[in-house]
There are 2 protein chains.
Amino acid sequence: MTSGAQNPYPTADAGTSHVGRRIRSLREERGLSLSELARRAGVGKATLSGLENGTRNPTLETLWAVTAQLGVGLGSVVGTGPVVHGTAVQGVLLQAFEEEGAAYELYRLVFPAGSSQLSPAHHQGVTEHLTVFAGLLRAGPADAPLLAGPGDYITWQSDVPHTYATLGDQDVHASLLIRYPRLRSGLPDGPVREPGEVSPRGDASGR
Amino acid sequence: MTSGAQNPYPTADAGTSHVGRRIRSLREERGLSLSELARRAGVGKATLSGLENGTRNPTLETLWAVTAQLGVGLGSVVGTGPVVHGTAVQGVLLQAFEEEGAAYELYRLVFPAGSSQLSPAHHQGVTEHLTVFAGLLRAGPADAPLLAGPGDYITWQSDVPHTYATLGDQDVHASLLIRYPRLRSGLPDGPVREPGEVSPRGDASGR
DNA sequence: GGCGATCGTTCCGTTTACGGAACGACACGG
DNA sequence: CCGTGTCGTTCCGTAAACGGAACGATCGCC
């Protein structure tokens, strides 16, 4: 994704309007009025109105105040960038974790009903962990896929080609956690590795 | 501004400074100078300097421009959500999903080394799905906890009291997905599916 | 119909985040 | 030693995000 150099995001405008829609949606899900949410969050109604309509470029502080009242993390509304369109699946990277022994990427996936997709093998040791929220999905190694319905969890080694295919006429919603074990090759310690999390393959612009 | 109502966050200040530190850390990992990153991101050096030092309250647009150049999603640097404190665990709600048949809450958890916690029973049908990123954790029903190490997944019915306890001297990092089946007033029309029971190694029959 | 309450938007003065330029500190090279 | 380059911070005028108040629209109630 991203490819570094050029700005991969549609300027701030498209972004802010997306965030605005998301916030409005969350607010309405909770049955809150704009005035009420503004009051609780301690921001002006003008601020919240402009934010929801995408006519303002909100401040981090403002976003925190609002999302906190909605009970979601800021990461939930900024979406982290619509990424990863497979041939069938639409995915959003929710979070990337860096741990000592492995990197994790957590995706929110939607498979349109009737779709199927074949993914190539990842590196050795990579595992995928998938939890289905809604719909019926057959996924896993191409030669032995597993079946999962709402609430089910399936996992497989993804160092072989693997497939995803919906069953039934429902869209499939799922979360997918991909685990990339840290390759124990070469450098043992090297520089003092900060625990800070890093997108594993972000980089680009090789230094 | 600033704490209009009671603010569950460590004020925006702590938040912005946290984001600033994260961004500085990401920048330095890439060997970029402040000037260079500012130039590439198309923001002023003053802006980036203030942002990294936590003396400014950056705009969404600014954050996008900067994080895009760092090759990470905005969610990676603001990755904080509502903080949940148990007696031992520190948790962050990453996402809450509302599906037709169930609600899901996805948490990022950190158990300090040596800690343990007992949680009361949830409603019937609620299941917990936990993936350990780092450390060693014993968790599950109080009378039959399961063991999980890095990369392991465990699940259990949480309609009975359940425990979490770290093993070893490492902090435990994990993701926890809690599934709340929608209560069909009356009878559970759809038979509640058993939790996955498929796991790289943890497994062991939740319940 | 009249009236009050609340909805979301718009107006407006104040505050502040913005980019550009100037600054001192440091590292090289001539 | 003294340019020359780049580092990150600070200063400053401008643009814009902020909260409060005023606005028209819509609902419920008498």
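Within every chain, numbering begins at 1; the chains are lettered A, B, ... in the order of the sequence lines, protein sequences first and strands thereafter. For the numbers below, each heavy atom of this structure counts, side chains included, while hydrogens, waters and symmetry mates do not. The model shown is predicted, which means the values in this text are computed figures rather than measured ones.
- Put simply, the side chain of Thr166(A) never gets that close to the backbone of Ala113(A): no donor and acceptor are under 3.5 Å apart.
- Atom CZ in Arg21(A) sits about 19 Å away from atom C1' in dG8(C), given to the nearest Å.
- Contacts of Arg27(B) with the nucleic acid, taken as non-hydrogen atoms under 4.0 Å apart, involve only primed sugar atoms and P, OP1 or OP2.
- A straight line from CD of Glu52(A) to C1' of dG8(C) spans 9 Å, rounded to a whole angstrom.
- Checked against side-chain contact (heavy atoms from CB on, under 4.5 Å), Arg138(A) has the following partners two or more places apart in sequence or in another chain: Pro145(A), Leu147(A), Leu167(A).
- Look at Thr62(A) and you won't find any side-chain N or O under 4.0 angstrom from OP1 or OP2 of dA17(D).
- Of all non-hydrogen atoms in Leu34(B) and Arg27(B), the two that sit nearest each other are N-NH1, 3.0 Å.
- Rounded to whole angstrom, the span from the CD atom of Glu61(A) across to the P atom of dA17(C) amounts to 8 Å.
- In this structure, the CD atom of Glu28(A) is 8 Å from the P atom of dG8(C), given to the nearest Å.
- Atom CG of Leu63(A) and atom C1' of dA17(D) are 12 Å apart (whole Å).
- Scanning for side chain to side chain donor-acceptor pair (under 3.5 Å) contacts around Thr47(B) gives Arg56(B), with sequence neighbours left out.
- Ser25(A) pairs by the side-chain contact (heavy atoms from CB on, under 4.5 Å) definition with Glu29(A), not counting sequence neighbours.
- Atom CG of Leu51(B) is separated from atom P of dC18(C) by 8 Å (rounded to the nearest Å).
- Counting non-hydrogen atoms under 4.0 angstrom, Thr59(B) reaches the backbone sugars and phosphates but no base.
- Residue order along DNA chain D, read from the 5' end via each residue's closest nucleotide, puts Ser33(B) first among Gly44(A) and Ser33(B).
- In the set dT9(D), dG8(D), dC18(C), the nucleotide with an atom closest to the side chain of Pro58(B) is dC18(C).
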N/O contacts under 3.5 Å, protein versus nucleotides 11-16 of chain D?
none

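- With sequence neighbours left out, Glu28(A) forms a side-chain contact (heavy atoms from CB on, under 4.5 Å) with Arg24(A).
- Look at Ser49(B) and you'll find a side-chain N or O under 4.0 angstrom from OP1 or OP2 of dT9(D).
- Taking only side-chain atoms of Ser35(B), from C-beta outward, the nucleotide of dC18(C), dT9(D), dG8(D) with the closest atom is dG8(D).
- Rounded to an integer number of Å, the gap from CG of Leu48(A) to P of dC18(D) is 10 Å.
- Shown here are the side-chain contact (heavy atoms from CB on, under 4.5 Å) partners of Ala139(B), two or more places apart in sequence or in another chain: Leu137(B), Ile154(B), Trp156(B), Tyr164(B).
- Residue contacts for Thr47(A): at a heavy-atom cut-off of 4.0 Å it reaches a base atom on one of the strands shown.
- Distance, Arg39(B) CZ to dC7(D) C1': 15 Å, rounded to whole Å.
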